[in-house]
Number of protein chains: 2
Amino acid sequence: MSDGDDVCLIRGDQGRALRALLDRIADKWTLLVIATLHDRRLRFTELQRRIPGVSQRMLSRTLAHLTRDDLVTRTSYPEVPPRVEYELTPTARTLLPHAVALADWSRHHIPDAE
Amino acid sequence: MSDGDDVCLIRGDQGRALRALLDRIADKWTLLVIATLHDRRLRFTELQRRIPGVSQRMLSRTLAHLTRDDLVTRTSYPEVPPRVEYELTPTARTLLPHAVALADWSRHHIPDAE
DNA sequence: CAGAATCCCAATTGATACTG
DNA sequence: CAGTATCAATTGGGATTCTG
């Protein structure tokens, strides 16, 4: 907790890791998708309905990236009409507390963020 | 710590706060500037030397935003040649542990982030 | 030294239409 | 239903030039 904590967010592993994370989740929709899936599996259309403003294209891309990064699992059922369900991976769930902590920090320290 | 923690990162204050924060710090240079200033006040040119690849334009813009958001203080000394020093505000310092925590999470959960 | 102004390119996002 | 394809609009960022 001391002020002297060594912060090595430049040039080191920490810096690259943080950049890799932000590159994956800091865009316009990713965190919204993760948050929307936090307590339930959802189908494509349900996700789109719960996330106001997202286009099919962006939701599709976001889910593809999340699936590739192993933060979301995609389950396709061989039915007609097709049904596909998305769900957070355990890995993604461990990220949620950090997101909440950051949101909390923001509400306390950034004006108009409340 | 339970799985049932209420995560309200959608539509609520939390969601807007998190978005406001990411809009301010998730770009290419902001966190690098914050990290570079974590233990010392620095002048414009020193910052540019310590952050490889940053252009004058982007460093200038980034510092202006950080100053406006009260994460960095700008002190100008009336000398010739001019001297300007930048320093983290106490507010910005409280953000650093969160950044470190996220970097740590990333190193454990994102392949190639190490 | 510390920047502001200008121009240009690349990447991100959105709107719309179409398909298995 | 769950996407993909295409194109237009917007934004982020870099290179260069100029200035108090």
Side-chain angles (χ1 to χ4, degrees), chain A residues 10 15-16 18-34 36-37 40-69 71-88, chain B residues 15-16 18-37 40-69 71-88:
Chain A
I10 334 158
R16 280 196 302 275
L18 189 50
R19 179 49 36 205
L21 175 60
L22 290 179
D23 286 345
R24 284 165 173 78
I25 66 161
D27 60 35
K28 191 171 179 179
W29 302 111
T30 297
L31 270 171
L32 239 34
V33 171
I34 291 177
T36 307
L37 289 174
R40 28 167 109 63
R41 328 171 67 210
L42 288 173
R43 305 172 62 163
F44 189 91
T45 309
E46 293 171 329
L47 269 170
Q48 194 175 15
R49 198 162 33 79
R50 288 167 194 265
I51 303 177
V54 70
S55 64
Q56 282 190 337
R57 169 176 149 81
M58 288 314 295
L59 182 56
S60 177
R61 282 178 56 93
T62 302
L63 287 169
H65 289 146
L66 282 168
T67 302
R68 177 141 48 93
D69 296 334
L71 295 174
V72 162
T73 59
R74 188 195 118 113
T75 309
S76 171
Y77 299 89
E79 308 170 357
V80 177
R83 177 165 60 102
V84 177
E85 289 187 345
Y86 293 94
E87 185 179 15
L88 290 190
Chain B
R16 279 196 303 276
L18 190 49
R19 176 56 29 213
L21 174 61
L22 289 179
D23 286 344
R24 283 167 174 76
I25 66 162
D27 61 31
K28 192 170 177 181
W29 302 110
T30 297
L31 270 170
L32 239 32
V33 171
I34 292 177
T36 308
L37 289 174
R40 25 166 112 64
R41 327 172 67 211
L42 288 173
R43 304 173 61 166
F44 189 90
T45 310
E46 292 170 332
L47 268 170
Q48 194 174 15
R49 198 161 33 78
R50 287 168 195 266
I51 303 177
V54 70
S55 65
Q56 282 190 337
R57 169 175 147 84
M58 288 316 295
L59 182 56
S60 177
R61 283 176 56 94
T62 302
L63 286 169
H65 289 146
L66 283 168
T67 302
R68 178 143 46 93
D69 296 334
L71 295 174
V72 162
T73 59
R74 187 195 119 112
T75 309
S76 170
Y77 299 89
E79 306 171 356
V80 177
R83 178 165 59 103
V84 177
E85 290 188 345
Y86 294 94
E87 184 179 15
L88 289 190

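In what follows, chains are A, B, ... by sequence order, proteins preceding strands, each numbered from 1. Because the structure is predicted, anything quoted here is derived from the model rather than measured.
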- Kindly compute the distance separating CG (B:Asp69) from CG (B:Asp23), expressed to the nearest 0.5 Å. 10.5 Å

Closest to the [X] side chain, choosing from [options]:
| X | options | result |
| --- | --- | --- |
| A:Arg83 | C:dG3, D:dA2, C:dA2 | D:dA2 |
| A:Thr45 | D:dG3, D:dC1, C:dA2 | D:dC1 |
| B:Trp29 | D:dG14, D:dG3, D:dG20 | D:dG14 |

Between [X] ([atom1]) and [N] ([atom2]), how many Å, whole number?
| X | N | atom1 | atom2 | answer |
| --- | --- | --- | --- | --- |
| B:Leu32 | D:dG12 | CG | P | 18 Å |
| B:Ile51 | D:dG14 | CD1 | C1' | 16 Å |
| B:Glu85 | C:dC1 | CD | P | 14 Å |
| A:Asp23 | D:dG13 | CG | C1' | 14 Å |
| B:Leu42 | C:dC1 | CG | C1' | 15 Å |
| B:Gln48 | C:dA4 | CD | P | 13 Å |

Please tell me if [X] has a side-chain N or O lying less than 4.0 Å from either OP1 or OP2 of [N].
| X | N | answer |
| --- | --- | --- |
| B:Tyr86 | C:dC1 | no |
| A:Lys28 | C:dG14 | yes |
| A:Arg74 | D:dG3 | yes |
| A:Tyr77 | D:dA2 | no |

- Query: Does any residue of residues 53-62 of chain B have a heavy atom under 4.0 Å from DNA chain C, and if so, which ones, in number order?
  - Reply: B:Gln56, B:Arg57, B:Ser60

- Message: Looking at every heavy atom in both A:Arg19 and B:Lys28, which two are closest together, and how far apart are they?
- Response: NH2-O, 4.1 Å

- Query: Between A:Thr75 and A:Arg41, is a side-chain contact (heavy atoms from CB on, under 4.5 Å) present by the stated rule, with each step listed?
  - Reply: CA-CA 10 Å; A:Thr75 309; A:Arg41 328 171 67 210; 3.6 Å; yes

- For the residue pair A:Leu37 and A:Leu47, establish whether any side-chain heavy-atom pair is separated by less than 4.5 Å. yes

- Message: Apply side-chain contact (heavy atoms from CB on, under 4.5 Å) to residues A:Val72 and A:Tyr86 and explain how you reach the verdict.
- Response: CA-CA 6 Å; A:Val72 162; A:Tyr86 293 94; 3.8 Å; yes

- Would you kindly compare B:Phe44 and A:Asp27 by the position of their nearest DNA chain C nucleotide and give the one closer to the 5′ end? B:Phe44

- Item | Donor-acceptor under 3.5 Å (B:Thr62 side chain, B:Met58 main chain) | yes

Output side-chain donor-acceptor pairs under 3.5 Å for residues 29-36 of chain B, partner residues at least two apart or in another chain, one line each.
{"unit_1": "B:Thr30", "atom_1": "OG1", "unit_2": "B:Asp27", "atom_2": "OD1", "d": "2.8"}
{"unit_1": "B:Thr30", "atom_1": "OG1", "unit_2": "B:Asp27", "atom_2": "OD2", "d": "2.9"}
{"unit_1": "B:Thr36", "atom_1": "OG1", "unit_2": "B:Leu32", "atom_2": "O", "d": "2.5"}

- Which comes earlier along DNA chain D counting from the 5' end, the contact point of B:Pro82 or that of A:Val84, where each point is its nearest nucleotide? A:Val84

